[in-house]
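Please read all numbers here as calculations on a predicted model, not as lab measurements. By convention in this document, chain letters (A, B, ...) are assigned in the order of the sequence lines, proteins followed by strands, and residues within each chain are numbered from 1.
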Amino acid sequence: MTVRLTHLERLEAESIHIMREVVAEAQRPVMLYSVGKDSAVMLHLARKAFHPAPPPFPLLHVDTTWKFRAMYDLRDHAAKAAGMELLVWHNPEAAERGINPFDHGALHTDMWKTQGLKQGLDHYGFDAAFGGARRDEEKSRAKERVFSFRSASHGWDPKNQRPELWNLYNARKGKGESIRVFPLSNWTELDIWQYIMAEGIEIVPLYLAAPRPVVERDGMLLMVDDDRFRLAAGEEPTMRSIRFRTLGCYPLTGAVESEAATLEEVVREMLLTTTSERQGRAIDREEGAASMEKKKQEGYF
Amino acid sequence: MGTPSYEADGLIAEDIGAYLAQHQNKDLLRFITCGSVDDGKSTLIGRLLYDSKMIFEDHLAALEEDSRRIGTHGQEIDFALLVDGLAAEREQGITIDVAYRFFATEKRKFIVADTPGHEQYTRNMITGASTADAAVILVDARKGILTQTRRHSFLAHLIGVQHMVLAVNKMDLVGYDEESFAAIVADYRAFAAAIGITEFTAIPISGFRGDNITAAPSANTPWYSGPSLIAHLESLPLASEAAQSRPLRMPVQWVNRPNLDFRGFAGLIAAGTAQPGDRVRIVPSGKTSTIASIETFAGAQPSAVAGQAVTLTLADEVDCSRGDVIASADDPPQSADQFEGTLVWLADDALIPGRGYWLKLATQTVTATIAEPKYEIDVNTLDHLAAKTLGLNAIGVAEVTTERPITFEPYADSRTLGGFILIDKLTNATVAAGMIHFSLRRAQNVHWQAVDIAPGQRAAMKNQRPAVLWFTGLSGSGKSTIANLVDKRLFRMNRHTYLLDGDNVRHGLNKDLGFTEADRIENIRRVGEVARLMADAGLIVITAFISPFRAERDMVRALIPEGDFIEVHIDTPLAVAEARDEKGLYAKARIGELKNFTGIDSPYEEPERPEIRIDTTAMSADEAAALIVDHLLDRRGRLA
């Protein structure tokens with residue numbers, strides 16, 4: 001009798017297959033762990049792929065020191081539960097210059113995240129890095145390969161990517177070159193939520209609505225997560241029921257007003273909502289339509 | 001027929017739990033869209049995303065702004081702008097790569113590969129089609145079947161896409177005329193039959209206006225009685241489900257060995273089903289065992305099917321590693337090292353016949369060489385053209401030789417075990433995709449039968465270590481004489497030996513062979529194989545053959561386990577051998593009665609570094625035999 005696999009089962013199998021190929025062919029793989037919901041799913045799939053062994057690679061968190069406190073809590077807890085080594089990288093130059101989201105805007109993201117990621121990968125000598133990006137997130141991502149090759153300087157050339165046929169991945173690379181691997185390429189946002197529910201995957205509570213202290217600034221709801229938040233004259237945090245659709249540096253991440261306190265309600269809101277996921281991120285809006293593609297060429301992700 | 005609908009807003013709002021349960025049970029169909037530059041492909045995909053509410057307000061706002069700025073439909077929304085992703089191609093107004101899009105209906109989730117239509121990007125279409133269950137071939141109702149239509153259909157069929165959909169688009173621009181549609185379908189049917197497409201479904205649509213996309217018939221095409229495009233895509237059977245009824249195939253990706261108590265084999269099941277207790281064969285070793293368990297994060301599972309990524313444990317301690325295939329014990333796949341296949345060249349640098357490329361097939365990676373193509377296929381006319389090489393986007397048929405046998409199935413039977421890529425060893429670029437037709441070895445159905453008694457056990461029983469003493473030298477150099485003495489000495493020492501003599505073998509095993517270069521090579525190949533079998537049986541094998549060519553002696557050396565092949569050069573100068581001429585052969589060769597005689601009119605290639613060299617002008621045959629036996633003793637400490 002034919003067994004009918006659901007789309008989630010097919011996606012899960014594809015992701016696990018990709019991860020095993022990388023472990024079999026790369027010298028020194030790592031999983032980029034951002035503590036977001038996509039990272040949570042990716043980590044869960046890695047545990048499934050290599051069970052009963054722990055995933056045979058470490059987690060790397062490229063930290064900006066400005067993430068939500070709840071993210072740091074889950075990060076340490078999740079790594080321990082998976083039995084994996086957690087590496088945290090802070091760009092020493094950004095730390096020394098005191099780069100922060102209040103004074104430095106785009107430079108903050110560039111130095112802590114983009115430069116920090118390159119430094120972290122170079123520092124540990126990783127030649128393959130799993131990332132949680134999905135093709136449905138943004139137009140230029142729709143064409144990203146599962147195995148994305150980066151030059152020794154981490155550059156991405158959209159015109160010079162390897163064709164990927166069937167489920168055969170060419171993981172060979174020259175000295176100094178590295179691969180970014182995206183096992184969640186074919187997942188959509190709804191698939192991610194559905195899978196989190198079906199598998200009972202732990203995520204940062206900030207994805208669920210709760211009363212939190214916020215200020216409204218430039219049309220964005222920002223959560224005052226610690227006392228480093230610089231309040232402008234006359235600004236007063238107020239308690240509002242909010243949740244986050246994406247998580248990043250707390251002073252740069254806009255919340256949405258919501259009463260959705262359960263996963264089902266979040267998914268319901270997501271399906272009925274009319275703005276896309278990345279819209280809450282300040283970094284994409286700065287340079288217009290081609291901004292993500294430009295960031296990729298510079299080495300972000 | 002019912003009207004398919006997209007994500008049901010009402011259900012989401014009223015009963016999210018019910019909605020999620022429904023969504024969770026959807027299956028997944030992958031398809032490609034192909035068409036020429038102006039066939040409206042991106043518009044159609046944009047329409048599918050738009051109708052399935054996969055476009056958010058901010059995307060839509062950007063789309064409306066873009067439509068006004070660079071759109072081609074005046075003030076109306078240009079859906080194509082939703083799909084054309086990369087900045088460079090947005091400026092050019094054409095898609096240049098494969099983009100993947102996602103949408104869902106109430107029944108199914110879909111992954112669409114959007115592939116470009118113009119010629120220089122054949123490789124993108126092949127890439128997008130390689131994972132597709134179905135192909136939607138777009139035709140402009142005003143233009144009918146074009147060269148590109150034929151090319152796309154041929155490529156989709158070549159890569160094995162099961163279901164073809166002919167979407168006759170822009171029906172609005174021909175006044176929804178039934179005759180126009182019927183003429184295009186008839187035209188296509190004739191062409192499709194010619195290239196072996198036996199079945200296709202034709203649907204008249206307008207991607208721009210939305211006719212027959214989600215519901216059929218549209219009010220504009222009352223004459224059309226078939227399904228809408230979406231309803232048809234929802235009803236197609238999935239290739240992955242058909243694979244379940246084939247024999248088990250699981251290419252091993254990775255051996256999971258967290259501790260001494262657990263050894264699991266991780267892989268994606270390509271075909272068949274697996275259950276604890278099933279007999280399996282490891283290919284190529286041929287060893288058999290039984291599936292002990294199917295391990296998952298959620299505990300041991302009672303069964304697994306094609307399409308699932310699993311970890312299997314086996315009941316026996318058998319050798320099995322990445323590259324091996326765990327297969328049904330009764331119906332395993334073949335192994336071979338020579339194939340005929342179709343190649344699609346994907347790189348700017350053309351094929352160099354004879355060069356070594358990496359060939360990756362499933363989890364096996366080996367060096368492979370490609371012969372000069374038998375022919376190239378003109379994708380427009382489908383003519384076979386003579387070709388010395390294959391350039392970017394060329395498709396040809398050629399012989400492929402791998403350095404060692406690989407486990408495979410014809411592509412028509414298995415995309416996983418029949419499809420491969422070629423990788424340039426210098427640049428690491430993926431330069432070609434290949435599809436195996438069949439192996440070129442007559443022995444394609446002969447499997448290695450694993451034997452349970454290891455070679456070492458047979459030798460141990462004889463209290464010796466096997467060896468092949470390979471004598472080489474000119475005719476009349478003294479090979480047979482000395483070999484015979486060595487044999488007798490070893491026999492007296494209670495060693496198990498066997499002497500293979502050139503003249504004797506030519507009376508039996510090799511009596512069909514003459515003395516041409518090709519026959520001499522075959523002579524040595526056969527003797528080498530026999531020596532290998534005897535050494536495998538634990539014997540000390542002594543061979544006495546002229547074996548004039550270095551390459552063949554090295555070929556035999558490669559057959560024998562390292563250290564067990566001992567090359568003995570009986571070094572007698574030609575003048576001395578000719579002066580002895582005990583059989584009168586040199587005399588015959590000198591007057592031309594014997595052709596291809598080594599040393600006279602056929603070369604003797606001296607060994608460069610033989611294990612033993614015997615100078616017969618400096619010692620007697622007995623002294624030589626003693627020296628050779630001593631060498632055997634010295635090398636091994638004892639003659640074991």
Only heavy atoms, only distances under 4.5 angstrom. Which residues in residues 424-433 of chain B are near chain A? B/T427, B/N428, B/A429, B/T430, B/A433
Which heavy atom of [X] sits nearest a heavy atom of [Y], and at what distance?
X	Y	value
B/Q253	A/R20	OE1-CD, 3.3 Å
A/F50	B/W254	CD2-CZ3, 3.5 Å
B/K109	A/L11	NZ-CD1, 3.7 Å
A/A49	B/T311	O-OG1, 4.5 Å
B/L20	A/E264	CD1-CG, 4.0 Å
B/I421	A/L168	N-CD1, 3.7 Å

Ring pair (Phe, Tyr, Trp, His ring centres under 6.0 Å), that's the test. Do A/W166 and B/F420 meet it? Break it down for me. CA-CA 9 Å; A/W166 304 292; B/F420 61 86; 7.9 Å; no
Report the residues that fulfil side chain to side chain contact (heavy atoms under 4.5 Å, CB included) with A/S178, sequence neighbours left out, ordered by chain and then residue number. A/R150, A/H154
Please identify each residue that fulfils salt bridge (Lys or Arg N to Asp or Glu O under 4.0 Å) with B/D324, with sequence neighbours left out. none
Donor-acceptor contacts under 3.5 Å from residues 297-308 of chain B side chains, at least two apart:
{"from": "B/Q301", "atom 1": "NE2", "to": "B/T296", "atom 2": "OG1", "distance (Å)": "3.3"}
{"from": "B/Q301", "atom 1": "NE2", "to": "B/G299", "atom 2": "O", "distance (Å)": "3.3"}
{"from": "B/Q308", "atom 1": "OE1", "to": "B/V305", "atom 2": "N", "distance (Å)": "2.9"}

Starting at [atom1] of [X], measure out to [atom2] of [Y] and round the result to the nearest 0.5 Å.
X	Y	atom1	atom2	value
A/R135	B/F102	CZ	CZ	6.0 Å
B/T365	A/E25	OG1	CD	5.0 Å
B/R101	A/N186	CZ	CG	12.0 Å
A/D136	B/I111	CG	CD1	10.5 Å

Flag side-chain contact, heavy atom, 4.5 Å: [X] against [Y]:
X	Y	value
B/D15	A/R268	no
B/T363	A/E21	yes
B/L268	A/H17	yes
B/V344	A/L165	no
A/P52	B/N256	yes

So for [X], is it side chain, backbone, both, or neither that comes closer than 4.5 Å to the heavy atoms of chain A?
X	answer
B/I269	neither
B/A132	neither
B/F262	side chain

Quick check on [X] against chain B: is it the side chain, the backbone, both or neither that has a heavy atom closer than 4.5 Å?
X	value
A/R10	side chain
A/P54	neither
A/S185	backbone

In terms of side-chain geometry, is the basic nitrogen of A/E14 or B/R30 positioned less than 4.0 Å from the acidic oxygen of its partner? yes
Heavy-atom pairs under 4.5 Å with chain B are the metric here; pick the option from [options] that has the most.
options	answer
A/P56, A/A198, A/P163, A/A24	A/P163
A/V23, A/T6, A/L8	A/T6
A/T2, A/V267, A/N167, A/I16	A/T2

Could you tell me which of B/V310, B/V255, B/L29, B/T416 has the largest number of non-hydrogen atom pairs under 4.5 Å with chain A? B/V310
So which residue, B/A362, B/A129, B/A309, B/S130, ends up with the most heavy-atom pairs under 4.5 Å with chain A? B/S130
Donor-acceptor pair, distance only, cut-off 3.5 Å: does the side chain of A/H7 make one with the backbone of B/D27? no
